[in-house]
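Everything below concerns the one structure shown next.
Just so we're on the same page: letters track the sequence lines, and every chain starts at 1.
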There are 2 protein chains.
Amino acid sequence: MSVNANVEFSTRSRPTMKEVAALSGTSLKTVSRVMNQEAGVSPELIKKVKQAALSLNYQPNFTASSLRRSDGKTNTIGLLLEDVANPFSSALQRAIEEVARDRGVAVLAGSVDEDSARERELAAAFISRRVDGLIVVPAGHDQSYLQIEKQSGTPMVFVDRPPSLLDADSVLTANHDGARLGVQHLIDNGHERIAYLGDLATISTAVDRLAGYRDALERAGIEFDPSIVKQNLRASFEAEIFTNELMDSDYPPSAIFASQNLISIGVMQALHRAGLQNTIALVGFDDIPMVELITPGLTAIIQDVSGLGKTAAELLFDRIDGEQLESQHRVLDVELVIRGSGEIQGPVRHS
Amino acid sequence: MSVNANVEFSTRSRPTMKEVAALSGTSLKTVSRVMNQEAGVSPELIKKVKQAALSLNYQPNFTASSLRRSDGKTNTIGLLLEDVANPFSSALQRAIEEVARDRGVAVLAGSVDEDSARERELAAAFISRRVDGLIVVPAGHDQSYLQIEKQSGTPMVFVDRPPSLLDADSVLTANHDGARLGVQHLIDNGHERIAYLGDLATISTAVDRLAGYRDALERAGIEFDPSIVKQNLRASFEAEIFTNELMDSDYPPSAIFASQNLISIGVMQALHRAGLQNTIALVGFDDIPMVELITPGLTAIIQDVSGLGKTAAELLFDRIDGEQLESQHRVLDVELVIRGSGEIQGPVRHS
DNA sequence: CTGAAAGCGCTTACAG
DNA sequence: CTGAAAGCGCTTACAG
């Protein structure tokens, strides 16, 4: 049974300020004053207007007011994420929402899916809706298309990956240093033959992490061996396959550095299946869910995803508030969390 | 070094159709015709207008056009989720985005956090921005505040949980039948003493799953024992604690039904820590990530989260397109995925 | 303290 | 095929 069968299909159009004015016997301008809580309206008129608004169920039209208002703000920002469904993106979105919420700002979000055409479409869609600012995890390698938009006064902040061919704010993780730290940890535990399994070589974070890996090897005087380095792994199962190949090879590594959580998962699956999880050391970049249930626990380089989102949102709102600074570039530190997999000892004896 | 140091701080205001008209020597209306690809403009004028638009970097203002257009559509919908950061919500968001994307519709999303005040605030924020429709995972127990909005012609669809005190479309999972199926599976494997660990008793899905549990027991002639039933578990660690209590009790259950993935994780942690993961059977509602790495694998009732989002979005767009149907109520089937934890045999012998 | 007029950037409804 | 006028729902700038 319908709760309100009698009104089910009646569609009254939405009341306007003009109608509220008519019902309350005042002017449009007075209604506007009351709705915006401007000072200098007599208590009687305030009461009348509020009553009329209530009885008509008046709901202010924020898009109309934003069109006319001198600041032109829509109190809406746009978020371009890798994929709203992946844990990194959604943690980012959550942290940004938190900052936006406190300011009465709504958040438009979309998935770029590592597709530069999609990135431009989404940016255009948000711009045509006149968002007050943009937070972007870029997929393409040329953000110059946003130059005009930036000059037109739309603040924008890049997160996780820096913009290319565009000078703008960015908030990044210490990818190079983080990877170096992780590989250094394996070296400290007696490993020399350390494989590297990485993401798409077109993603800047993957490039930086590989550089960090090489840096750690170089500092320890270990030669770089391309045969135990694999990039462009796009899924856990690809990492699993390459791990199997490594283990079946003539000269397998004693340790693995996984540049990303999906890759860590693939490596762990391969090691578990081969019964090598307590033999081959593993350090991963990024945390994985439910890490407590797996033995040995994953030793990992953890990034501050909430911090990335919060910092990006704060920078963005500073710009929206009119601050005119040079481009800001923030780099957030990582943390090495020790859980067992990275402390499996390697063959090298340190004195 | 800045890529464009010379223009860094110059903020040109955004060009309007009027300016494009002036530059191209045509009228505002002709520019509007060209931008909207209306038929009946001479090729020469089209060319002139396009050139002028390009040289001014004209970007259409969709909010302004939506204010004037007769359909009034903003091509934006609003999503009220439990928490954009949780996997269920973000999978839902992703599926909805997919459908919206094909129609050129942008998605506003926000987290309700099981807070009914927050639910109303978010709904109001989206409504004041004149979204074309709302998809809601309700937290509160009274959605009558949306009645007026619904009558005003804003389509809305409820997902995962039905609306209360409001007649509207809904897309739900078969929670009762799914839970019954899971508990039935444990009974079929020889269990009679089956504990139930559930979420907040104010959430309708939790209520339905508990009812499904009781239904399965009743059908098998097993008496309901409140001492091994716990509701209102809000985190994995709470489920872990209660599992420990169960195991330490005088008459522990031989099997556990976990009504939700966070609870499954807590139970698994407790069982693993006690070394009982191959002794006590477990079936969970909802999948957990990385299930492949854990032994025994979690036997689970899997819901079609993408299907929920896709169906909800399709229903919503049907309404936005003007279909005037009675309220639609869809219920999506679940699947029992067998992975080992639910097939641990209980004490009862079936002939 | 209150309100009539103009205008935000567009589209609609008309007229030529 | 083209354009001048009016108006979407509001706020601004001004006058009383």
Is there a side-chain contact between A:S66 and the phosphate of C:dC8, meaning an N or O under 4.0 Å from OP1 or OP2? no
Interatomic distance where CD belongs to B:E38 and C1' belongs to C:dC14 [whole Å]: 14 Å
Calculate the interatomic distance between B:Y58 atom OH and C:dG9 atom C1'; express it in whole Å. 7 Å
Protein-nucleotide distance (A:M35, atom CE; D:dT11, atom P), rounded to Å: 10 Å
Reading 5' to 3' and counting Watson-Crick or G-U wobble pairs with both distances under 3.5 Å, write the dot-bracket notation for DNA chain C, | for bases paired outside the strand. |||.||||||||.|||
Decide yes or no on side chain to side chain donor-acceptor pair (under 3.5 Å) for B:T26 and B:S24, but give the supporting numbers first. CA-CA 6 Å; B:T26 62; B:S24 59; 3.1 Å; yes
Of all the choices, D:dT11, C:dT2, C:dG9, which nucleotide is nearest to the side chain of A:S65 once you look at every atom? D:dT11
Can you find a donor-acceptor pair, distance only, under 3.5 Å between A:R33 side chain and C:dG3 base? yes
Determine, for B:R161 against B:E114, whether the closest basic-nitrogen to carboxylate-oxygen distance falls under 4.0 angstrom. yes
Below 4.0 angstrom from OP1 or OP2 of D:dG3, is there any side-chain N or O of B:T30? yes
Answer yes or no: does atom NZ of B:K73 have more than 12 heavy-atom neighbours from other residues, nucleotides or ligands under 6.0 Å? yes
Side-chain (B:D113) to main-chain (B:D115) donor-acceptor, under 3.5 angstrom: no
For atom CG of B:N36 and atom C1' of C:dG9, their distance in whole Å: 12 Å
Quick check on C:dC10: is either OP1 or OP2 less than 4.0 Å from any side-chain nitrogen or oxygen of B:S32? no
Roughly how many Å is it from CG in B:L67 to C1' in D:dA6, rounded to a whole number? 14 Å
Below the 4.0 Å mark, does D:dG3 have OP1 or OP2 next to a side-chain nitrogen or oxygen of B:S27? yes
Using a cut-off of less than 4.0 Å, is there contact between a side-chain N or O of B:N61 and OP1 or OP2 of C:dC8? no
Using the ring of B:F62 (Phe, Tyr or Trp, six-membered ring only), decide whether B:R69 places NZ or CZ under 6.0 Å from its centre and within 45 degrees of its axis. yes
Atom-to-atom span, CZ of B:R68 to P of C:dT11 - whole angstrom: 10 Å
DNA chain D: 5'-proximal contact among B:L45 and B:R69 (nearest heavy atom): B:L45
Given C:dT12, is OP1 or OP2 found less than 4.0 Å from the side-chain N or O atoms of B:S70? yes
Distance test, side-chain N/O of A:S42 to OP1/OP2 of C:dT2, below 4.0 Å: yes
In whole angstroms, how far is the P atom of D:dA5 from the NZ atom of B:K18? 13 Å
Distance only, no hydrogens: is a donor on one side chain within 3.5 Å (strictly under) of an acceptor on the other, for A:R129 and B:T76? yes
Given atom CZ of B:R130 and atom P of C:dC10, what is their separation to the nearest angstrom? 20 Å
What residue among A:K150, A:E149, A:R319 forms side chain to side chain contact (heavy atoms under 4.5 Å, CB included) with A:P155? A:R319
May I ask you to decide if A:P60's main-chain N or O and A:R14's side chain share a donor-acceptor pair within less than 3.5 Å? no
From D:dG3, C:dG9, D:dG9, nucleotide with atom closest to B:K29 side chain: D:dG3
